[in-house]
Amino acid sequence: MEGERISAAIIVAAGQGKRMGGKTRKQFLMLEGKEILAHTVDRFEEFSKIKEIVLVIGRDDIESVKAMVRKYGWKKISAVVCGGKERQDSVKCGLKALSLASEVVLIHDGVRPFVTEEMINCSIDAAQNFDGCVLGVPAKDTIKICDKDGMVLETPDRSTVWHIQTPQTFSRDLIEKAYEKAEKDGFFGTDDASVVEHYGAKIKVIHGSYQNIKITTREDILMGACFLEEERK
Ligand SMILES: Nc1ccn([C@@H]2O[C@H](COP(=O)(O)OP(=O)(O)OP(=O)(O)O)[C@@H](O)[C@H]2O)c(=O)n1
Ligand SMILES: C[C@](O)(CO)[C@H](O)COP(=O)(O)O
């Protein structure tokens, strides 16, 4: 559309999958005959507003991912780069690989294969009006902050607690500056929004879905299979 900023996705898939365990890293586990990472990339290939995909993978995965690019015929991938020790390091590698044209960046976990076009479009729209936007869902369980011995320190008001997801969406200029400051300060967060918060910008949470899960432990594979079956109906 005229005047619409060009959006790119950075899909991070360079993790070790320690909490999943097993020989095969979780991003390459099969769901209905397709790797979890392939499910995720396929979706971004279909999302019309995404013009570029940068894939961040493990050093040992280069050949297998190049084979996947050929097998699935992905057309939007502008770069396949190696990630780093922490997720934040991998995102930084992805940012460096973006083409010059992209103006909005959606950073997404490669193991969240159930993202929808509506979530992408809402994220891009929200990022026009806020410094950054993340998907999330309201907490269903009570959350407690505990000390190292499991003794409760605080029970936040559950109405203020959100489980945060990806994609996390920002103007490219802001996320690059935020990552530069985080590196200079030695700041590490568990998501990209916390890096932008450290920079001093404000983040808007918009509704994702309880189905937009991050495949992290075995139970998530079982849930994922159910979600795919549900989508087929
Ligand atoms: N150094 C890292 C760590 C994580 N990730 C990616 O970030 C996403 C979310 O991370 P997480 O679910 O924690 O994956 P892992 O780090 O692999 O899992 P674990 O913590 O169980 O090892 C995943 O797609 C993962 O591949 C990454 O690209 N680089
Ligand atoms: C980015 C994220 O998915 C938001 O919930 C989450 O923080 C990733 O954490 P992980 O330990 O790298 O899976």
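Counting starts at 1 for both ligands and their atoms, following the listed order.
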List every atom of ligand 1 that sits less than 4.0 Å from any heavy atom of [X], numbering the atoms from 1 in the order shown and giving each element.
| X | result |
| --- | --- |
| K214 | 9 (C), 12 (O) |
| G110 | 24 (O) |
| V111 | 23 (C), 24 (O) |

Next item on the list: Flag T190 as yes when one of its N or O atoms lies below 3.5 Å from any N or O atom of ligand 2, and as no otherwise.
Entry: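 Yes, T190 has an N/O under 3.5 Å of an N/O on ligand 2.
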
Check: Within the structure, does Q165 bring an N/O atom to less than 3.5 angstrom of an N/O atom in ligand 2?
Finding: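 Min N/O separation from ligand 2 is not below 3.5 Å for Q165.
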
Does [X] pair with [Y] as a salt bridge, N-O distance under 4.0 Å?
| X | Y | value |
| --- | --- | --- |
| E183 | K92 | yes |
| D192 | R87 | yes |
| K202 | E197 | no |
| E118 | R43 | no |
| E117 | K49 | no |
| E176 | R172 | yes |
| K204 | D131 | no |
| K85 | D89 | no |

Margin query: Once you measure the plane-to-plane angle for F44 and H108, does it fall in the parallel (<30°), tilted (30-60°) or perpendicular (>60°) bin?
Written below: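 Rings of F44 and H108: tilted, as their planes differ by 30° to 60°.
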
Notebook entry, point to check: Which class fits the ring pair W74 and Y72: parallel under 30°, tilted 30 to 60°, perpendicular over 60°?
Noted result: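 If you compare the ring of W74 with that of Y72, the planes turn out parallel.
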
Notebook entry, point to check: Is it true that the side chains of T217 and E219 contain a donor and an acceptor less than 3.5 Å apart?
Noted result: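 There is such a pair (donor and acceptor under 3.5 Å, judged by atom type) between the side chains of T217 and E219.
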
Looking only at protein heavy atoms, identify the closest one to [atom] and say how far it is in Å.
| atom | value |
| --- | --- |
| atom 9 (C) of ligand 1 | D109 OD1, 3.6 Å |
| atom 15 (P) of ligand 1 | G17 N, 3.7 Å |
| atom 24 (O) of ligand 1 | V12 O, 2.8 Å |
| atom 5 (O) of ligand 2 | I164 O, 2.6 Å |
| atom 16 (O) of ligand 1 | G15 CA, 4.0 Å |
| atom 28 (O) of ligand 1 | A14 N, 2.8 Å |
| atom 29 (N) of ligand 1 | S90 OG, 2.7 Å |
| atom 3 (O) of ligand 2 | D109 OD2, 2.6 Å |
| atom 22 (O) of ligand 1 | K18 N, 2.7 Å |

Checklist line | Any N/O pair M20/ligand 1 closer than 3.5 Å | finding: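 Between M20 and ligand 1, no N or O pair is found under 3.5 Å apart.
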
Margin query: If the test is ring-ring contact (aromatic ring centres under 6.0 Å, His included), which one of F187, Y179, F188 qualifies with H198?
Written below: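 That would be F187; it is the only one of F187, Y179, F188 passing the ring-ring contact (aromatic ring centres under 6.0 Å, His included) with H198.
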
Item checked: H108 and ligand 2 - part of the residue with a heavy-atom distance under 4.0 Å ->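 Answer for H108: neither.
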
Notebook entry, point to check: Among the heavy atoms of R19, does any lie under 4.0 Å from an atom of ligand 2?
Noted result: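 It does, in that a heavy atom of R19 comes within the 4.0 Å cut-off of ligand 2.
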
Checklist line | Close approach of G83 to ligand 1, heavy atoms, under 4.0 angstrom | finding: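 Checking ligand 1 against G83, which is what was asked, there is no heavy-atom contact under 4.0 Å.
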
Notebook entry, point to check: Mind checking whether K26 has a heavy atom under 4.0 Å from ligand 1?
Noted result: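 Right, K26 reaches ligand 1.
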
Check: With respect to I215, which candidate in M20, R112, Q27 satisfies the side-chain contact (heavy atoms from CB on, under 4.5 Å) definition?
Finding: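 Only one option passes, and that is M20.
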
Give the numbers and elements of all ligand 2 atoms closer than 4.0 Å to a heavy atom of [X].
| X | result |
| --- | --- |
| T166 | 1 (C), 3 (O) |
| R112 | 2 (C), 3 (O), 4 (C), 5 (O) |
| K214 | 3 (O), 8 (C), 10 (P), 13 (O) |
| R87 | 1 (C), 12 (O) |

Next item on the list: Return the option from R25, H108, R87 holding the heavy atom at the smallest distance from atom 10 (O) of ligand 1.
Entry: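 Heavy atom nearest to atom 10 (O) of ligand 1 belongs to R87.
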
Notebook entry, point to check: Just going by heavy-atom distances, which of Q16, R19, E86, K85 is nearest to atom 13 (O) of ligand 1?
Noted result: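 Ranked by closest heavy atom to atom 13 (O) of ligand 1, first place is R19.
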
Notebook entry, point to check: Is the closest side-chain heavy-atom distance between L31 and E35 below 4.5 Å?
Noted result: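 Not touching, per the 4.5 Å side-chain cut-off.
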
Checklist line | Side chain to side chain, F28 and I36, heavy atoms closer than 4.5 Å | finding: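 They are not in side-chain contact.
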
